[in-house]
Number of protein chains: 2
Amino acid sequence: MRTPAELTDAFRKQGFKITPQRQLLFRLLDGNATHPTAEALYNRACSEMPGISLRTVYQTLNDLAAMGELRHVSVGCGPGRFDPNTDDHHHVVCDRCGTVRDVYVDGANQLAIEGLDGFDAVTPSIVFHGECADCALSVPTNPNSPKEHQ
Amino acid sequence: MRTPAELTDAFRKQGFKITPQRQLLFRLLDGNATHPTAEALYNRACSEMPGISLRTVYQTLNDLAAMGELRHVSVGCGPGRFDPNTDDHHHVVCDRCGTVRDVYVDGANQLAIEGLDGFDAVTPSIVFHGECADCALSVPTNPNSPKEHQ
DNA sequence: CTGTTTGTTCGCACAAGTTGCAGATTGGCG
DNA sequence: CGCCAATCTGCAACTTGTGCGAACAAACAG
Ligand SMILES: [Mn+2]
Ligand SMILES: [Mn+2]
Ligand SMILES: [Zn+2]
Ligand SMILES: [Zn+2]
């Protein structure tokens, strides 16, 4: 995703209007590496702009995704995440707390694939499932407590 | 997933009961490589057993998944898929018609990952997005019709 | 600065997919 | 056969996200 200032220009150039709601979301997303859900962004937005609607958050996120400024990331379960990082990258998810982190996978686009008869133009999206450092620390000896922290 | 007969034994051994509904689903899943949704299985089940409930289909699928006989596959959007193939494999999805096919990815477990600080025991699940042979054929010259066949 | 236009916001209803619940049913067993 | 625990079913509820229309407000011209 580009900077809030660049996005402002880009929106104006396309005939879109610049609203305080959009500017707030540009700011909340700028450099945001947490892969937030729409709901999470809505909650943060509410504290700066009480009255903003969840509908508007979804709307703006979808607009940004359609413009290619944002990637919609699905991690297999739970709500969709939004990612201002448009690099060619992949994700690792903590199955305990849900944290999502960027990972860069060497050779992801040159994988040897067996069984794709006829399928073409395939690009991989890789999700690694594991346990983050924090969660590993919080259950050092007994790795199977059903703890649901955070 | 094991054969219907083996599953029947396994269920009995665990104190679970063998019902006609479960047996039907064992059969519908046996060797099923289509990665069906719960709804799709429900529809097929209904033709053999009118009156079976969608709730029971979900229940049985979840039970099988919990026993490790079935994998729940998420392809990023749309309903979840269920997969009796428990091999170490991955998936390619046709973004036009939704078909899901098994693929075997060489070296998927030895990928060089950059950025996983602290995450451990990560296992990848890879989804390739592309276009299946049938869909490619049906739109041979113009690759951008919004056709929604099947 | 004021008025007009047109895109935007908001609230609510709705949709899809899945689960919780409780009463009716039935498989396994003595 | 008769019991009982497991199961099935129907429905309500839930989660995530979208459609819609009335109210609102950026952008711009005068
Ligand atoms: Mn990312
Ligand atoms: Mn599969
Ligand atoms: Zn964690
Ligand atoms: Zn297809």
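Order of the sequence lines fixes the chain letters, A, B, ..., with proteins taken first and strands second; residue numbering starts at 1 for each chain. What you see below is based on every heavy atom in this structure, not just the backbone, and it leaves out hydrogens, waters and symmetry mates. This one's a predicted model, so the numbers in the text were calculated from it and none came from an experiment.
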Worksheet item: Any salt bridge between B/Asp117 and A/Arg101, counting N to O under 4.0 Å?
Response: yes

Discussion item. Does this structure show an ion pair linking B/Arg2 with B/Asp9, if we count only N-O contacts that are shorter than 4.0 Å?
Written reply: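 No, this pair does not count.
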
Fill in: Within residues 56-83 of chain A: residues closer than 4.0 Å to DNA chain C (heavy atoms)
A/Thr56

Worksheet item: If you look at every strand shown and take non-hydrogen atoms under 4.0 Å, does A/Ile52 touch a base, only sugar-phosphate, or nothing?
Response: sugar-phosphate

Item to complete: On DNA chain C, reading 5' to 3', which nucleotide is the first and which the last to sit with an atom under 4.0 Å from a heavy atom of chain B, could you check?
Response: C/dG17 to C/dG28

Practice prompt. Verify side-chain contact (heavy atoms from CB on, under 4.5 Å) between A/Leu111 and B/Leu111, making sure each step is shown before the conclusion.
Written response: CA-CA 10 Å; A/Leu111 287 169; B/Leu111 287 169; 3.7 Å; yes

Item to complete: Apply side-chain contact (heavy atoms from CB on, under 4.5 Å) to the pair B/Arg12 and B/Ile18, showing each step before the final yes or no.
Response: CA-CA 7 Å; B/Arg12 283 230 174 80; B/Ile18 298 303; 3.8 Å; yes

Worksheet item: Within the side chain of A/Arg22, is there an N or O that forms a donor-acceptor pair under 3.5 Å with the backbone of A/Lys17?
Response: yes

Item to complete: Going by the side chain to side chain contact (heavy atoms under 4.5 Å, CB included) test, name the single residue among A/Asp102, A/Val127, A/Val103, A/Val73 that passes it with A/His90.
Response: A/Val103

Fill in: Neighbours of DNA chain D within residues 11-27 of chain A, by heavy-atom distance under 4.0 Å
A/Arg12, A/Lys17, A/Ile18

Fill in: Between C1' of D/dG17 and CG of A/Leu41, the distance in whole Å
15 Å

Worksheet item: Rounded to the nearest Å, what distance is computed from the CG atom of residue B/Leu54 to the P atom of nucleotide D/dC8?
Response: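 For the pair B/Leu54 CG and D/dC8 P, the rounded distance is 13 Å.
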
Same apolar cluster (I L V M F W Y, side chains within < 4.5 Å links), [X]/[Y]:
{"X": "B/Ile52", "Y": "B/Leu64", "answer": "yes"}
{"X": "A/Leu7", "Y": "A/Met49", "answer": "yes"}
{"X": "B/Phe26", "Y": "B/Val57", "answer": "yes"}

Item to complete: Would you check, one step at a time, whether the test ring pair (Phe, Tyr, Trp, His ring centres under 6.0 Å) holds for B/Phe128 with B/His91?
Response: CA-CA 6 Å; B/Phe128 298 88; B/His91 297 98; 9.9 Å; no

